[in-house]
Protein chains: 2
Amino acid sequence: MKLSNGVEWALHGCVTLSQAAEPVPATRIAELHAIPPAYLAKHLQALSRAGIVRSTAGQAGGYTLTRPASAITVLEVVRAIDGTEPAYRCTEIRQNGPLAVPADRCARPCAIARAMAAAQDAWSTALTSVTIADLAADIDADSGGTALPQVRRWLAAARG
Amino acid sequence: MKLSNGVEWALHGCVTLSQAAEPVPATRIAELHAIPPAYLAKHLQALSRAGIVRSTAGQAGGYTLTRPASAITVLEVVRAIDGTEPAYRCTEIRQNGPLAVPADRCARPCAIARAMAAAQDAWSTALTSVTIADLAADIDADSGGTALPQVRRWLAAARG
DNA sequence: ACAACTCGGATATTCGGTGTCCGAGTTCCG
DNA sequence: CGGAACTCGGACACCGAATATCCGAGTTGT
């Protein structure tokens with residue numbers, strides 16, 4: 001089980017966007033974190049499709065959050081990048097072989113699938129309780145209150 | 001994020017093994033669920049390496065659980081098949097770019113990594129609370145108490 | 001009207017999961 | 001005690017998805 005690498009970039013990108021009132025191009029975010037610009041753009045497109053960010057074209061265009069950062073959960077971002085498919089997918093092998101369970105007895109998912117689904121729910125719940133605003137606040141606290149102002153200043157300076 | 005398909009086979013296999021006092025060959029388990037025998041063998045080897053099952057060679061050989069099914073958690077099996085690497089791996093991109101955080105300021109993992117780790121812990125905890133014995137009991141209950149006896153009978157019949 | 005900048009999707013490449021095979025070792029039977 | 005059959009174990013192809021990239025369509029500001 002491995003999570004796409006783009007999730008990290010998307011989350012950092014959302015935190016960055018939460019500090020900018022005006023649109024920020026994908027290229028700008030990419031150079032902030034020194035990551036491949038074209039690939040980051042691909043993931044930002046996914047965020048756009050999910051309705052988390054809004055894109056404006058043309059000069060002075062870029063990406064903006066569609067909602068306040070406190071209304072965007074980490075789970076939403078993860079799902080936008082990585083997809084909504086659960087980690088465990090039951091193949092229903094209980095319906096195969098010499099002791100196959102008849103299909104009309106399989107209305108409910110099997111016990112293994114239920115256990116895995118419960119674990120997935122716990123995971124999702126944990127990620128739902130954290131918002132982009134929480135991440136930004138924690139990052140700022142870790143730096144002693146200097147990180148977010150620095151980002152805001154850098155975004156303004158790069159614009160000029 | 002996707003979980004290896006072999007996890008399902010391994011868990012079903014462990015439930016089957018929990019019903020057999022004598023060694024069961026990989027071929028036998030494979031035909032029970034109508035899955036590729038050679039590939040299932042590969043995963044059973046992983047369980048062997050993890051110390052969950054014990055293999056005996058030669059005629060009348062096969063796999064056996066090393067512990068009672070109530071002492072084997074689902075998480076152990078998942079980790080044996082899928083590896084112990086957490087789903088989210090932090091690349092530390094905060095140390096890159098024009099606003100790079102100095103390395104000596106990065107003793108603790110970043111806020112994003114902490115949130116993902118917490119979710120992973122919740123997931124792991126959920127899977128630790130379920131044992132192979134629990135799965136077997138649930139499967140039996142779902143079938144109205146017929147599933148496990150059927151498996152035991154089939155294992156005995158196939159031996160002869 | 002022009003030009004520059006932006007996003008968006010279509011396109012190669014690499015890596016891990018999927019599936020398979022044959023050899024080494026061991027146990028049982030004659 | 002020798003042989004044969006059965007078992008596991010690791011080494012070998014195959015495939016799909018994630019990675020990484022590019023260029024064209026559209027829009028804004030001048």
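None of the values given here were measured: they were computed from a predicted structure. Every chain is numbered from 1, with letters handed out A, B, ... down the list of sequences.
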Examine [N]: is either OP1 or OP2 under 4.0 Å from a nitrogen or oxygen in the side chain of [X]? Give yes or no.
| X | N | result |
| --- | --- | --- |
| A:Gln59 | D:dT27 | no |
| B:Ser4 | C:dT18 | yes |
| B:Thr56 | C:dT26 | no |

To the nearest Å, give me how far apart [atom1] ([X]) and [atom2] ([N]) are.
| X | N | atom1 | atom2 | value |
| --- | --- | --- | --- | --- |
| B:Leu44 | D:dG9 | CG | P | 9 Å |
| B:Gln45 | C:dA24 | CD | C1' | 13 Å |
| B:Ile35 | C:dT18 | CD1 | C1' | 13 Å |
| B:Leu3 | C:dG16 | CG | P | 17 Å |
| A:Arg54 | D:dT27 | CZ | P | 13 Å |
| A:Glu22 | D:dT28 | CD | C1' | 15 Å |
| A:Leu40 | C:dG8 | CG | P | 12 Å |
| A:Ile29 | C:dC7 | CD1 | C1' | 13 Å |

Between A:Lys42 and A:Ala57, which is nearer to the 5' end of DNA chain D once each is assigned its nearest nucleotide?
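It is A:Lys42, whose closest nucleotide lies nearer the 5' terminus.
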
Most 5' of A:Gly58 and A:Lys2 on DNA chain D, judged by nearest nucleotide
A:Lys2

Quick one: label [X] by what it contacts on the DNA or RNA (base, sugar-phosphate, nothing), any heavy atom closer than 4.0 Å.
| X | result |
| --- | --- |
| A:Ala41 | nothing |
| A:Thr27 | nothing |
| A:Arg49 | sugar-phosphate |
| B:Gly62 | sugar-phosphate |

Using every non-hydrogen atom in the two residues, find where A:Ser18 and A:Ile132 come nearest and quote the distance to one decimal.
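Nearest pair, atom of A:Ser18 first, then A:Ile132: CB-CG2, 4.4 Å.
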
Which atom names give the shortest non-hydrogen contact between B:Arg28 and B:Trp154, and what distance separates them?
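Distance-wise, the nearest heavy atoms are O-CH2, 3.5 Å.
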
Residue A:Trp9, side-chain heavy atoms: nucleotide from C:dT20, C:dG19, D:dA20 that is nearest
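When the side chain of A:Trp9 is considered, D:dA20 is the closest of C:dT20, C:dG19, D:dA20.
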
When you measure from the side chain of B:Tyr39, which nucleotide among C:dG17, D:dT21, D:dG10 comes out closest?
C:dG17

Before accepting this row, confirm whether a basic side-chain N of the pair B:Arg114/A:Asp142 lies closer than 4.0 Å to the acidic partner's carboxylate O.
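A salt bridge links B:Arg114 with A:Asp142.
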
Backbone of A:Thr91 reached by a side-chain donor or acceptor of B:Glu8 within 3.5 Å
yes

Hey, is the main chain of B:Gly6 close enough, under 3.5 Å, to the side chain of B:Ser4 for a donor-acceptor pair?
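At least one qualifying donor-acceptor pair exists.
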
